[in-house]
Number of protein chains: 2
Amino acid sequence: MTEDVVRALGLLCLGTHLKRLGERLQSETDTVIAARGLAISASQYPYLACLDRLGPLTLGELAEAVGVSQPGATRTVNALVGQGVLAAEPAPDDQRRKIVALSAEGRRLVAIGRAEIWPRIAAAVGDLCADLDGPILDQLNAIEDRLRQKPLAERAPPPSGKD
Amino acid sequence: MTEDVVRALGLLCLGTHLKRLGERLQSETDTVIAARGLAISASQYPYLACLDRLGPLTLGELAEAVGVSQPGATRTVNALVGQGVLAAEPAPDDQRRKIVALSAEGRRLVAIGRAEIWPRIAAAVGDLCADLDGPILDQLNAIEDRLRQKPLAERAPPPSGKD
DNA sequence: ACGGATTATATAACGGATTATGTAAACGGA
DNA sequence: TCCGTTTACATAATCCGTTATATAATCCGT
């Protein structure tokens, strides 16, 4: 079995193709994160990064900034609150709103991420995509082929013992 | 709220970004399909196309050709069998295997797709991606911006009344 | 001041991906 | 021939996205 049908169908299945690669990349990113012993998944990171960048937000603002639906954000925020990574408080001026912020544990995780993990992931993904050009379908194909050849974890620079 | 955090984080959230756009594209493709009154979703189409191209396959072969996990394929195949679109029979030479093929209804849907839908979707997606070049992140951003500006359904050529 | 319209989030339902595991069938070496 | 190993698919569990709806809070025109 050698035919990859989604690839053969080209633009017709672009959505499916994007999703497929996205799932794959998130999964491989999770592998790099888990190797450091952290329990944050690739899909949760944008929430932490967002609150780190923008400070406390309402749930709706967070959903918008991350680019997901409100119920999706509600669920992820609830999970992260349960993990002690985020804190959610009622807004002082509007009882409908909930203000979400990084907890102390969340700030600790962000600090570790900044120092040890996110640069490695960015470098690995950068290596994965290096020098790619041309139509998006070709790039998706190339990235998939490169991943098959060498997983993301092997592309990440080794954790630096120093500095 | 103007900042799109996933976009701002660049390569670090490439997986999330790919998934986001893939979800969006599939959703907009579903809109075009539904306008024709068909009940096949964008994510199901690769299964039909695969069986149309390659003929009857075992469930495992189908999963591999579409690029999904076996349980994922099992579920989608079961749903499509339930819709009468696919037919699944035990293999004659191996009781563990199940052979999946298009049903008569499935072939009818494929014929309609070929004649009326898939060319329109491919054209719409082609229009969406036209002339894009450069790093994949830039292309993702551009596609998202273009979709926001003009949905896929408005990019598809009108259904041809004649030929 | 009142109340219909709007807003913010929670919840329900559904779709769809994965890994892990279970069960049965098939394989192949001793 | 026997049986440990492998294979194919079903099932379970988990995660995560969406739309629709419910509920409560807030807004603002009358």
Side-chain angles (χ1 to χ4, degrees), chain A residues 1 6 13 15-31 33-34 39-47 57-64 66-83 88-100, chain B residues 1 6 13 15-31 33-34 39-47 57-64 66-83 88-100:
Chain A
M1 180 61 68
V6 170
C13 291
T16 298
H17 208 163
L18 289 166
K19 277 188 70 176
R20 192 172 81 178
L21 183 55
E23 298 267 0
R24 178 77 184 282
L25 259 184
Q26 280 192 329
S27 175
E28 299 218 359
T29 302
D30 282 339
T31 300
I33 296 172
I40 294 294
S41 70
S43 60
Q44 290 172 333
Y45 172 66
Y47 291 79
L57 298 173
T58 65
L59 217 155
E61 288 168 338
L62 186 54
E64 190 178 339
V66 175
V68 298
S69 65
Q70 171 260 311
T74 295
R75 185 177 50 196
T76 300
V77 165
N78 287 343
L80 288 168
V81 168
Q83 292 172 239
E89 308 287 347
D93 58 327
D94 186 334
Q95 292 193 60
R96 295 170 303 180
R97 292 173 188 263
K98 187 179 280 189
I99 304 292
V100 185
Chain B
M1 180 59 71
V6 170
C13 290
T16 298
H17 207 163
L18 289 166
K19 278 187 69 177
R20 193 172 79 176
L21 182 54
E23 298 266 3
R24 177 76 184 282
L25 259 184
Q26 279 191 329
S27 175
E28 299 217 0
T29 302
D30 283 339
T31 300
I33 295 170
I40 293 292
S41 70
S43 60
Q44 291 172 334
Y45 173 66
Y47 290 79
L57 297 173
T58 64
L59 217 155
E61 288 168 339
L62 187 52
E64 189 179 340
V66 175
V68 299
S69 65
Q70 171 261 308
T74 296
R75 187 181 48 192
T76 300
V77 165
N78 287 344
L80 288 169
V81 167
Q83 293 172 238
E89 310 286 348
D93 58 328
D94 185 338
Q95 291 190 58
R96 295 170 302 179
R97 292 175 189 262
K98 185 179 281 188
I99 304 292
V100 185

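Worth saying up front: this structure is predicted, and the values here are computed from it rather than measured. Note on naming: letters A, B, ... go to the chains in the order of the sequence lines (proteins, then strands), and numbering restarts at 1 for each one.
- Judged by distance alone, with hydrogens and angles left aside, B:R75 brings a side-chain donor or acceptor within reach of the base of C:dA17, the pair sitting under 3.5 Å.
- Counting only heavy atoms from C-beta on, B:P71 has its side chain closest to D:dT11 among D:dA20, D:dA8, D:dT11.
- Between the side chains of B:T76 and B:Q44, no donor-acceptor pair is found at a separation under 3.5 Å.
- With B:D30 contributing its side chain and B:S41 its backbone, the two residues share no donor-acceptor pair below 3.5 Å.
- Rounded to an integer number of Å, the gap from A:E61 CD to C:dA8 C1' is 11 Å.
- At least one donor-acceptor pair closer than 3.5 Å links the side chain of A:R20 to the backbone N or O of B:V66.
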Give me, pair by pair, the N or O atoms of the protein and of nucleotides 21-27 of chain D that are less than 3.5 Å apart, along with how far apart they are.
{"unit_1": "D:dA25", "atom_1": "O3'", "unit_2": "A:Q95", "atom_2": "N", "d": "3.4"}
{"unit_1": "D:dA25", "atom_1": "N3", "unit_2": "A:R96", "atom_2": "NH1", "d": "3.2"}
{"unit_1": "D:dT26", "atom_1": "OP1", "unit_2": "A:Q95", "atom_2": "N", "d": "2.6"}

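- Residues B:E28 and B:R24 are paired through a salt bridge, judged by an N-O separation under 4.0 Å between the basic side chain and the carboxylate.
- The residue among A:S27 and A:T74 whose nearest nucleotide of DNA chain C lies closer to the 5′ end is A:T74.
- With DNA chain C read from its 5' end, the first of the two nearest nucleotides for A:K19 and A:K98 is the one closest to A:K98.
- The CG-C1' distance, from A:L21 to C:dT18, rounds to 15 Å in whole Å.
- Residues satisfying the salt bridge (charged side-chain N to carboxylate O under 4.0 Å, His left out) test with A:R75, not counting sequence neighbours, are none.
- Protein atom CG of A:N78 is 13 Å distant from nucleotide atom P of D:dC16, rounded to whole Å.
- The CG-C1' distance, from A:L25 to D:dC16, rounds to 17 Å in whole Å.
- In this entry the distance linking CD of B:Q83 with P of C:dG15 reads 9 Å, nearest Å.
- In this structure, the CZ atom of A:R20 is 15 Å from the C1' atom of C:dT18, given to the nearest Å.
- Annotation: side-chain hydrogen bond (donor to acceptor under 3.5 Å, both in side chains) contacts of B:N78 (sequence neighbours excluded): none.
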Can you give me the dot-bracket string for DNA chain D, 5' to 3', counting Watson-Crick and G-U wobble pairs with both distances under 3.5 Å, using [ ] for crossing pairs and | for partners on another strand?
||||||||||||||||||||||||||||||
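- Using a 4.0 Å heavy-atom cutoff across all strands shown, B:S43 reaches sugar-phosphate atoms only and no base atom.
- Comparing D:dC9, D:dC16, C:dT18 against the side chain of B:T58 picks out D:dC9 as the nearest.
- Rounded to whole angstrom, the span from the CD atom of A:E23 across to the P atom of C:dG16 amounts to 12 Å.
- Relative to the side chain of B:L59, the nucleotides D:dT18, C:dG16, D:dA10 differ in distance, and D:dA10 lies closest.
- Applying the side-chain hydrogen bond (donor to acceptor under 3.5 Å, both in side chains) rule to A:T29 yields no partners; only residues at least two apart in sequence or on another chain are considered.
- Annotation: side-chain hydrogen bond (donor to acceptor under 3.5 Å, both in side chains) contacts of B:Q70 (sequence neighbours excluded): B:T74.
- The distance between atom CD of B:E64 and atom C1' of D:dT7, rounded to the nearest whole Å, is 14 Å.
- Within 4.0 Å (heavy atoms only), A:G72 reaches at least one base atom of the nucleic acid.
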